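This structure is a prediction, so every number in the text was calculated from the model and none was measured.
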Amino acid sequence: MSVRTRFAPSPTGFLHIGGARTALFNQLFARRHGGQYLLRIEDTDKARSTQEAVEQILESLAWLGLSPDEPPVFQSQRAARHAEVARELLARGRAYRAYETPEELAAMRERALAEKRPPRYDGYWRDREPGPAEAGKPFAIRIKAPLEGETVVEDLVQGTVRVKNAELDDMIILRSDGTPTYLHAVVVDDHDMGITHVIRGDDHLTNTFRQCVIYDAMGWRRPHFAHIPLIHGADGAKLSKRHGAVSVLEFREQGFLPEAVCNYLLRLGWGHGDEEIISRERAERLFDIADVGRAAARMDYAKLTHLNGVYLRRADPEALLPEVMRRLARGGLAFGTEKAARVRALLPALQERAKTLAELAESAAFAVTDGAPAPDAKAAALLTPEARARLADLAEFLSALPDWNRADLEHWLRDYAEVKGVTLKEVAQPLRAALTGSTTSPPIDVTLEALGRGEALGRMLAAAEPPPE
RNA sequence: GUCCCGUUCGUCUAGAGGCCUAGGACACCAGCCUUUCACGUUGGCAGCACGGGUUCGAAUCCCGUACGGGACGCCA
């Protein structure tokens, strides 16, 4: 049987980074085994599910290259089927009608907790026929869990996990309003979708036993299960907003590359020897769910950022250009083709120095301003009266160059420094301050060339003037 | 309260009884490279949670303890 996996988020909010990893593992596992990776939107909770969330999840997955191999299944549209299976279980005597109201059950649970007993349903209606008093009363359908023995799950990640059936109670599979509960809907859908491997967060591990009851009652073959650990924040607690970015789209906004995010997520909880940089293609060949660790991993933004820098350096500058332009334009900088050309010329040198697209755009900003940006404190300190005089002199010297290209510029700059009896650094740093308003930039020859003769000389002369008081 | 799961440098991990005086990566510190910043490079810091077994030999196997996480809903 061909492998089929699925990612099943509920659209009650944005897709967070932990969900993305679950999706990634599902896709990689399916690809590794030549199978399909599907998506099911678990939107049975009408009150909390939103269309915006659905769209955000789809967009997040698409950005990460984790779009499913088949159109997504919407759980809410399968309600009739869920009810049908519940009725079948009832007909087969594997489930029964229970007439307690939600309020009564809540009271029972509270009492149990107060008496320090496990809050389990007592099975009151399990072997009882409804009497005249129940006629017309709403009822929920509960499944009959086995009373003796134990349920064993061979989890691909967690290993053999077993629980005594006495620990299991008869859970509700169909609510009194006819809608299915989560546990029930998942089993029916996974079965109908032909899911062979359920790969999900380990917060579902104990749910698995209860789902097995349904599989067994229907006589359905249980899928293989793999429960992967959750991602935690830097402090070890469940990942949440206060730890920084958690939404996938937030990472995109902050300028992370999808390949870098996936590579990072892959290495979180999984490793292949000492390899750190692993392409998607390679991951599809190497990934084995059995190698995933059993302990929760902590989100490390510093490492993600480093990895992003690696991918950014390797990226094709032309592919990066539109996004950099977009960010510059959004930053309120208007510019035409001439300025765009400067950015393009600078990009290869800039991308070596940036860790994120946000940084990249920021570092390119000086090229599209009108004249040099106002110097920052360090740059201003470099523009001493002496340095300004030198800039004027240097501008005159450079204006005489027959060609304006990087190689010549470097040559003549070195020559100039030697003639003046100063180090190249003493020439380059004030020049950098004049051109970029900053003490850091790509190599000075590259910067000069990218700005173009007119703009570069103009900025030098402007900086040569005494600063306004 | 009951049940389930986990624990190797600060973080992510390699490690499947001798190859481990525990390897790599990020972060951090110091040096080198250098026109700045990055990159690169050299070196450093730092870990098998604890206690018992088993064994000639344990990070690796077993048991307990501690600590962390998760589940116990007519939520998903």
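- The residue Lys164(A) sits apart from the nucleic acid: no heavy atom pair falls under 4.0 Å.
- With rounding to whole Å, Tyr264(A) atom OH is found 11 Å from rU13(B) atom C1'.
- Nearest to the side chain of Leu424(A), among rU35(B), rA76(B), rG24(B), sits rU35(B).
- Base pairing annotation: rG6(B) forms a Watson-Crick or G-U wobble pair with rC67(B), both donor-acceptor distances under 3.5 Å.
- In this structure, Tyr215(A) has its ring center at least 6.0 angstrom away from the ring center of His191(A).
- One P atom belongs to rU8(B), the other to rG1(B), and the distance between them is 26 Å to the nearest Å.
- Between the CZ atom of Arg294(A) and the P atom of rC12(B) there is a distance of 15 Å, rounded to whole Å.
- Here rG10(B) presents its P atom at 20 Å from NE2 of His306(A), a figure rounded to the nearest Å.
- Within 4.0 Å (heavy atoms only), Ser10(A) reaches sugar-phosphate atoms of the nucleic acid but no base atom.
- For Arg109(A) and rG73(B), the shortest distance from a side-chain N or O to OP1 or OP2 is below 4.0 Å.
- Taking atom CG of residue Leu268(A) and atom P of nucleotide rA25(B), one finds them 18 Å apart after rounding to whole Å.
- Using a 4.0 Å heavy-atom cutoff across all strands shown, Ser438(A) reaches no nucleic acid atom at all.
- Contact annotation: Thr44(A) side-chain N/O to rA76(B) OP1/OP2 distance is under 4.0 Å.
- Sequence order on RNA chain B of the closest nucleotides to Arg414(A) and Gly271(A) puts Gly271(A) first from the 5' end.
- The nucleotide whose nearest atom lies closest to any side-chain atom of Arg432(A) is, among rC39(B), rU36(B), rC75(B), rU36(B).
- Residues passing the side-chain contact (heavy atoms from CB on, under 4.5 Å) test with Pro146(A), sequence neighbours excluded: Asn165(A), Val213(A).
- The residue Ile444(A) sits close to a base: some heavy atom pair falls under 4.0 Å.
- A salt bridge links Glu150(A) with Arg162(A): the distance from a Lys NZ or Arg NE/NH1/NH2 to an Asp or Glu carboxylate oxygen falls below 4.0 Å.
- We find that CG of Leu205(A) is positioned 17 Å from P of rG69(B), with the value rounded to whole Å.
- Using P as the reference atom, rC74(B) and rG68(B) are 30 Å apart when rounded to the nearest Å.
- With a cut-off of 3.5 Å on both Watson-Crick or G-U wobble distances, the partner of rC72(B) is given as rG1(B).
- Residue Arg314(A) places its CZ atom among 12 or fewer non-hydrogen atoms of other residues, nucleotides or ligands, all under 6.0 Å distant.
- Side-chain atoms of Arg117(A) stay outside donor-acceptor range of the base of rU2(B), with no qualifying N/O pair under 3.5 Å.
- Contacts of His232(A) with the nucleic acid, taken as non-hydrogen atoms under 4.0 Å apart, involve only primed sugar atoms and P, OP1 or OP2.
- Taking the P atom of each, rU13(B) and rA49(B) are spaced 15 Å apart, rounded to whole Å.
- Put simply, the side chain of Ser176(A) and the base of rC74(B) share a donor and an acceptor less than 3.5 Å apart.
- Within the nucleic acid shown, Leu105(A) comes within 4.0 Å of at least one base atom, counting heavy atoms only.
- Ring centroids of Tyr182(A) and His82(A) are separated by 6.0 Å or more, keeping the two rings apart.
- Pair assignment for rG57(B): none, as no Watson-Crick or G-U wobble contacts are both less than 3.5 Å.
- Look at NE2 on His204(A): it is 14 Å from C1' on rC72(B), rounded to the nearest Å.
- Relative to the side chain of Ala302(A), the nucleotides rC74(B), rU2(B), rC26(B) differ in distance, and rC26(B) lies closest.
- Residue Lys46(A) places none of its side-chain N or O atoms closer than 4.0 Å to OP1 or OP2 of rC75(B).
- When the C1' atom is used for both rG23(B) and rG47(B), the distance is 12 Å, rounded to whole Å.
- Residue contacts for Glu100(A): at a heavy-atom cut-off of 4.0 Å it reaches a base atom on one of the strands shown.
- Within 4.0 Å (heavy atoms only), Glu276(A) reaches at least one base atom of the nucleic acid.
- Counting any heavy atom pair closer than 4.0 Å across all strands shown, Gly269(A) reaches sugar-phosphate atoms only and no base atom.
- Rounding to whole angstrom units, CE of residue Met171(A) and P of rA71(B) are separated by 16 Å.
- Residue contacts for Arg162(A): at a heavy-atom cut-off of 4.0 Å it reaches the sugar-phosphate backbone alone, with no base atom in range.
- Note on Ile172(A): a base of the nucleic acid sits closer than 4.0 angstrom, heavy atoms only.
- Among the protein residues, Arg298(A) comes within range of the sugar-phosphate backbone only, with heavy atoms under 4.0 Å from sugar or phosphate atoms but none that close to a base.
- Looking at the side chain of Tyr182(A), the nearest of the listed nucleotides rA76(B), rU35(B), rU11(B) is rA76(B).
- Applying the 3.5 Å distance criterion, the base of rG23(B) shares a donor-acceptor pair with the side chain of Asp274(A).
- Under the Watson-Crick and G-U wobble criteria, each requiring two contacts below 3.5 Å, nucleotide rG43(B) is paired to rC29(B).
- rA25(B) and rC39(B) are spaced 14 Å apart, taking the P atom of each and rounding to whole Å.
- Residue-to-nucleotide contacts include a donor-acceptor pair under 3.5 Å from the side chain of Arg353(A) to the base of rC37(B).
- Closest approach of Pro223(A) and His197(A) over heavy atoms only: CB-N, 4.4 Å.
- Contact annotation for Pro229(A): no contact, since no heavy-atom pair falls under 4.0 Å across all strands.
- Residue-to-nucleotide proximity on RNA chain B shows that, of Val163(A) and Arg175(A), the 5′-proximal contact is made by Val163(A).
- Nucleic acid contact for Arg313(A): sugar-phosphate only, since backbone atoms but no base atoms lie under 4.0 Å from a heavy atom of the residue.
- Aromatic pair Phe287(A)/Phe25(A): centroids less than 6.0 angstrom apart.
- For Glu284(A), the CD atom is densely surrounded, since the number of other residues' heavy atoms within 6.0 Å is greater than 12.
- When the P atom of rG69(B) is taken as reference, atom CG of Asp203(A) falls 14 Å away, rounded to whole Å.
- The Thr206(A) side chain lies nearest to rA71(B) when the options are rC74(B), rA71(B), rG6(B).
- With respect to His224(A), the side-chain contact (heavy atoms from CB on, under 4.5 Å) criterion is satisfied by exactly one of Ile289(A), Val198(A), Leu156(A): Leu156(A).
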